[in-house]
Amino acid sequence: MIYELESKYEVFIKNILKSISILRAKQLIICLEKSFEECASNKELPLEILKALQRKGMLMLTYDGYVMTRGAYVYLTNDKFFDNVDLNDSIRIKDKMAVIRFEKNNKRIVTKTGDTEDLIDRREQDLIDAMWIVADMMPGSKDFIVSAYPWLLTFINEEQENSKLFEITKISSKNETAKVQLLKRLPVISDQETRETVRRIAIIDNPEHAWAVPYVGFKYICVLDENCPQNYRVVEKRENDILWKDYE
């Protein structure tokens with residue numbers, strides 16, 4: 001039995017899953033470790049919490065390291081009756097997921113099979129990528145929200161002495177030139193007080209292309225790196241006096 005499962009951990013995880021229903025299990029583990037001292041000191045506790053919440057039906061763990069809600073699973077696969085899920089195992093989704101189509105007489109036809117990353121779309125994958133930063137900045141980022149394009153996730157970090165608004169976007173190698181031009185055309189922020197409040201973070205594919213990220217409030221330029229404990233690293237941190245120089 002996990003002490004305070006429902007009153008503390010369940011509420012915390014539920015709030016995260018309300019905003020992003022598919023993410024990496026490691027991300028939720030980092031969120032727990034950053035937010036609760038007992039989870040940081042007992043490395044086995046976060047996973048046990050996830051398994052306990054899985055038994056309660058809040059989430060499902062996959063063999064390839066993802067966590068998703070039941071609703072997200074049905075959305076991806078159309079497996080409305082969970083026929084392809086082992087509801088008695090510690091890993092509910094034990095194999096590649098199958099996308100099901102129903103024909104006349106309820107005949108089931110599998111149209112596609114794949115790992116989790118094969119079935120989610122690019123927007124969902126970008127949200128998961130941005131979640132590494134949100135997880136690392138817990139508990140200050142706990143009230144994050146999914147944002148309108150070109151941003152992915154946004155949150156106010158009230159743990160800092162002066163609260164900051166963080167906005168995260170991703171610039172992939174496939175759309176780098178177009179995305180940079182779009183970011184340059186964002187509405188101009190000229191008010192100095194607003195500039196001091198906003199902190200933008202870009203996730204890029206090529207660490208050598210940090211120079212291409214426009215100076216429109218981007219404080220941190222990051223790349224994903226599975227060799228780092230937080231799964232990303234900062235390749236450029238910009239000084240405050242040049243953050244907005246493209247608006248000068």
Side-chain angles (χ1 to χ4, degrees), residues 2-76 90-93 116-117 119-148 151-160 163-170 199 201 203 222 224 226 228-232:
I2 299 175
Y3 182 63
E4 294 185 303
L5 175 66
E6 294 183 357
S7 62
K8 183 162 60 174
Y9 306 124
E10 181 175 341
V11 172
F12 178 76
I13 297 298
K14 183 179 293 184
N15 285 337
I16 293 175
L17 295 177
K18 283 181 180 178
S19 295
I20 180 168
S21 58
I22 306 173
L23 67 164
R24 303 291 296 191
K26 184 179 177 182
Q27 291 172 334
L28 283 181
I29 289 173
I30 293 174
C31 289
L32 288 165
E33 291 176 343
K34 291 278 187 175
S35 301
F36 304 103
E37 291 183 5
E38 62 273 21
C39 290
S41 59
N42 182 355
K43 295 300 183 180
E44 296 180 359
L45 180 57
L47 183 57
E48 291 305 313
I49 290 172
L50 296 184
K51 290 180 178 179
L53 295 178
Q54 180 175 242
R55 290 192 293 271
K56 291 172 65 68
M58 181 185 297
L59 53 85
M60 293 194 296
L61 297 166
T62 77
Y63 79 98
D64 54 351
Y66 285 82
V67 171
M68 64 183 68
T69 63
R70 289 192 171 201
Y73 171 78
V74 173
Y75 171 77
L76 289 178
S90 60
I91 300 297
R92 294 291 195 259
I93 303 172
T116 303
E117 63 182 14
L119 300 188
I120 59 179
D121 61 27
R122 189 183 68 181
R123 170 72 174 178
E124 290 167 331
Q125 184 59 62
D126 287 349
L127 289 171
I128 293 170
D129 291 345
M131 192 64 200
W132 290 114
I133 296 173
V134 170
D136 187 48
M137 295 186 70
M138 288 282 177
S141 59
K142 64 182 176 63
D143 294 322
F144 74 93
I145 60 172
V146 176
S147 307
W151 309 113
L152 293 166
L153 302 175
T154 301
F155 61 91
I156 296 175
N157 189 344
E158 296 183 351
E159 298 289 315
Q160 298 179 334
S163 298
K164 303 294 184 184
L165 172 65
F166 285 86
E167 298 174 314
I168 306 172
T169 193
K170 184 175 180 183
R199 290 291 180 267
I201 301 173
I203 302 171
C222 308
L224 299 182
E226 62 183 13
C228 296
Q230 65 272 32
N231 222 81
Y232 76 94

Worksheet item: Can you name the one residue among Asn15, Val134, Ile133 that meets side chain to side chain contact (heavy atoms under 4.5 Å, CB included) with Phe144?
Response: Val134
Worksheet item: If you look only at pairs with a residue in residues 11-20, which of them pass as a salt bridge (Lys or Arg N to Asp or Glu O under 4.0 Å), with sequence neighbours excluded?
Response: Glu10-Lys14
Worksheet, complete the sentence: Those residues at least two apart in sequence (or on a different chain) that pass ring pair (Phe, Tyr, Trp, His ring centres under 6.0 Å) with Tyr73 are Phe82
Response to the item:
Shortest non-hydrogen pair, Ile203 vs Ala130, comes out as CD1-CA, 3.7 Å
Worksheet item: Which residue pairs pass the ring pair (Phe, Tyr, Trp, His ring centres under 6.0 Å) test when at least one of the two sits in residues 19-50, sequence neighbours left out?
Response: Tyr9-Phe36, Phe12-Phe36
Fill in: Over 12 non-hydrogen atoms of neighbours within 6.0 angstrom of CZ in Arg122
no
Worksheet entry | Residues which pass side-chain hydrogen bond (donor to acceptor under 3.5 Å, both in side chains) with Arg199, listed by chain and number, not counting sequence neighbours | none
Worksheet entry | Distance, nearest 0.5 Å, that separates CE of Met131 from CG of Leu23 | 6.0 Å
Worksheet entry | Non-hydrogen atoms of Ile201 and Phe166 that approach each other most closely | CD1-CD2, 3.8 Å
Practice prompt. State which residues pass side chain to side chain contact (heavy atoms under 4.5 Å, CB included) with Asp136; sequence neighbours excluded, sorted by chain then number.
Written response: Lys34, Gln230, Tyr232
Practice prompt. List for me each residue that meets side-chain hydrogen bond (donor to acceptor under 3.5 Å, both in side chains) alongside Thr62, sequence neighbours excluded, and say none if there are none.
Written response: Asp64
Worksheet item: Between CG of Leu127 and CG of Asp121, what distance do you get to the nearest 0.5 Å?
Response: 8.5 Å
Response to the item:
All heavy atoms of Ala72 vs all of Ile22, minimum pair found to be CB-CG1, 3.7 Å
Item to complete: Enter the distance from Thr69:OG1 to Leu59:CG here, rounded to the nearest 0.5 Å.
Response: 8.5 Å
Worksheet item: By side-chain hydrogen bond (donor to acceptor under 3.5 Å, both in side chains), which residues pair with Lys142, not counting sequence neighbours?
Response: none
Worksheet item: Got a second to check how far Ser35's OG is from Met138's CE, nearest 0.5 Å?
Response: 5.5 Å
When the side chains of residues 45-58 are checked against the rest of the protein, which donor-acceptor pairs come out under 3.5 Å, sequence neighbours left out?
{"from": "Gln54", "atom 1": "OE1", "to": "Leu61", "atom 2": "N", "distance (Å)": "2.7"}
{"from": "Gln54", "atom 1": "NE2", "to": "Ser90", "atom 2": "O", "distance (Å)": "2.7"}
{"from": "Lys56", "atom 1": "NZ", "to": "Glu6", "atom 2": "OE2", "distance (Å)": "3.1"}

Worksheet entry | CD on Glu38 to CG on Leu32, rounded to 0.5 Å | 9.0 Å
Fill in: Pairs satisfying side chain to side chain donor-acceptor pair (under 3.5 Å), at least one member in residues 19-30, at least two apart
Arg24-Tyr66
Worksheet item: Taking only residues two or more places apart in sequence or in another chain, which ones pass side-chain hydrogen bond (donor to acceptor under 3.5 Å, both in side chains) with Ser147?
Response: Thr154
Fill in: Distance in Å, Ile120 CD1 paired with Leu76 CG, rounded so as to fall on 0.5 Å steps
7.5 Å
Worksheet item: Are Leu152 and Arg123 close enough that some pair of their side-chain heavy atoms sits under 4.5 Å apart?
Response: yes
Worksheet item: In chain order, what residues pass the side chain to side chain contact (heavy atoms under 4.5 Å, CB included) check against Tyr75, with sequence neighbours excluded?
Response: Glu124
